[in-house]
Amino acid sequence: MPNVGGMSENTPFDGRRWHDMGGQPAGPVTPEEHDFALWEKRVDALQVLMSGKGHFTVDGLRRALEDMGEDAYEKYSYYERWIAAVNQNLIEAGLYTLEELGAKMDEVRKRGDTYGEAAGG
Amino acid sequence: MPHDHHDHDHFHHEGMSPSGHPYRADNDEPLSYWQTMEIAVRELLIEKGHTTPAEIAAQIEAMDARSPANGAAVVARAWVDPAFKQRLLEDASAASREMGFDIGALHLIAVENSDDVHNVIVCTLCSCYPRNLLGLPPDWYKTRAYRSRTVKEPRKVLEEFGVSLPDSTQIRVHDSTADMRYIVLPARPEGTDGMSEQELAQLVTRDSMIGTGLPRTP
């Protein structure tokens, strides 16, 4: 059986994927929260604007997030996963290519070591 | 995948922001892989004419303007205006639009607390939240613990938020979807008879509209 949605190969399939968390055992709720950073707000804005213009749907965003698997959910922050999902949907929609993204990311990295320097403010 | 800050220490611990939350690592932190991707995606979209810096800035401004104060205004109106409350319970999207709030395409449902019933909202599958009325969801709303346990042991989860309800109170948990979002209409606190709509709105906390809290009392 293929490894579905990040599920361990030794886990018997019970009809739910990793993101279907309702009713599963988990630890206490700790009421953490933070003020969103500029880059996180930008990711949110890109999601709203690009889905609003019809380049992808909320379902497309969710499909990409769910296909990243449980490991990504545990390792990366919310907007880290969101930019990955937005990016995947935009590439699928043909707005730019993987090669263009790679070249642009290289260019961005060369501008500086902090977000402020690399983003130009 | 290249990514070099696996520790979860995203926070500055030195101080709190004016809203009482920790500052998030921002512009002066080492550039991360995902931040690099955000900059690159944004610039590609601008270069190719799919958006503009002004459009992105306007969208951020619109989102920043959405705060629990919007939801609180709707709740306070429902507390003072029975006809509005009726419309809110029938169609929360339409009633909120009536007050000038942009609800988008969302189907919004208001669920009313009473002496016997307490409502809580959750999104077990992801992070769906009435963001058009309350702003962006708090981190805990998106955690495994809240998503997993709220539908199974809500009473215990509420206790972790400091909300203890009598056993006689029925707890109803509403699981949101991308297209259908809930907002709790908390019960109007006692001793508020002479208060104005604006004063009442001050009593309505974000968590009281999620169901993990109760309104303030005067």
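Residue numbering restarts at 1 for every chain, and letters A, B, ... go by the order of the sequence lines. Not measured: the values here are computed from a predicted model.
Proximity to chain A (any heavy atom under 4.5 Å) is shown, for B:E153, by neither the backbone nor the side chain. The part of B:F161 that comes within reach of chain A is its side chain, from C-beta onward, which places non-hydrogen atoms under 4.5 angstrom from that chain. In this structure, the portions of A:L101 lying under 4.5 Å from any heavy atom of chain B include both its backbone and its side chain. Heavy-atom distances place no part of A:A103 under 4.5 Å from chain B, backbone and side chain included. Interface remark: A:R81 contributes no atoms to any contact with chain B (heavy atom separation under 4.5 Å). At a 4.5 Å heavy-atom cutoff, the contact between B:M63 and chain A is made by side-chain atoms alone. In this structure, the portions of A:K41 lying under 4.5 Å from any heavy atom of chain B include both its backbone and its side chain. For a residue to count as touching a neighbouring chain, one of its non-hydrogen atoms must lie under 4.5 Å from one of that chain's; by this rule A:L46 touches chain B with the side chain only. For B:K48, the part lying under 4.5 angstrom from a heavy atom of chain A is the side chain only.
Under 3.5 Å, the side chains of A:Y115 and B:E38 contain a donor-acceptor pair of N or O atoms. Residues A:E92 and A:Q88 bring a donor and an acceptor atom of their side chains to less than 3.5 Å of each other. Side-chain atoms of B:S148 and B:R144 include no donor-acceptor pair closer than 3.5 Å.
In this structure, OG1 on B:T143 lies 9.5 Å from CZ on B:R149, to the nearest 0.5 angstrom. Here CG of B:L214 is found 9.5 Å from OG1 of B:T212. Values are rounded to the nearest 0.5 Å.
Annotation: maximal heavy-atom pairing with chain B below 4.5 Å, among A:V58, A:D20, A:V43, A:L95, occurs at A:L95. The most heavy-atom pairs under 4.5 Å with chain A, out of B:V173, B:V122, B:I56, B:V151, come from B:I56. When each of A:V48, A:L49, A:V86, A:D106 is scored by its heavy-atom pairs under 4.5 Å with chain B, the top score falls to A:L49.
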**OP:** Begin with the C-alpha distance, continue with both residues' side-chain angles, and end with the deciding distance and a verdict on salt bridge (charged side-chain N to carboxylate O under 4.0 Å, His left out) for A:K75 and A:D71.
**Re:** CA-CA 6 Å; A:K75 255 193 344 220; A:D71 185 51; 3.1 Å; yes

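Counting only residues at least two apart or on different chains, the side-chain hydrogen bond (donor to acceptor under 3.5 Å, both in side chains) pairs with a member in residues 175-184 of chain B are B:T124-B:D175.
Formation of a donor-acceptor pair under 3.5 Å by the B:D116 side chain with backbone atoms of B:T169 is not found in this model.
Legend: residues meeting side-chain hydrogen bond (donor to acceptor under 3.5 Å, both in side chains) with A:H55, ordered by chain and number and at least two apart, are absent. Shown here are the side-chain hydrogen bond (donor to acceptor under 3.5 Å, both in side chains) partners of B:Q59, two or more places apart in sequence or in another chain: there are none.
Annotation: residues 23-30 of chain A contacts chain B through A:G23, A:Q24, A:A26, A:G27, A:P28, A:V29, A:T30 [non-hydrogen atoms, separation under 4.5 Å].
Considering B:T36, B:I39, B:L31 in turn, B:I39 is the only one that fulfils the side-chain contact (heavy atoms from CB on, under 4.5 Å) rule with A:R111. Partner B:W34 forms a ring-ring contact (aromatic ring centres under 6.0 Å, His included) with one of A:W82, A:Y76, A:Y79 and no other, that one being A:Y76.
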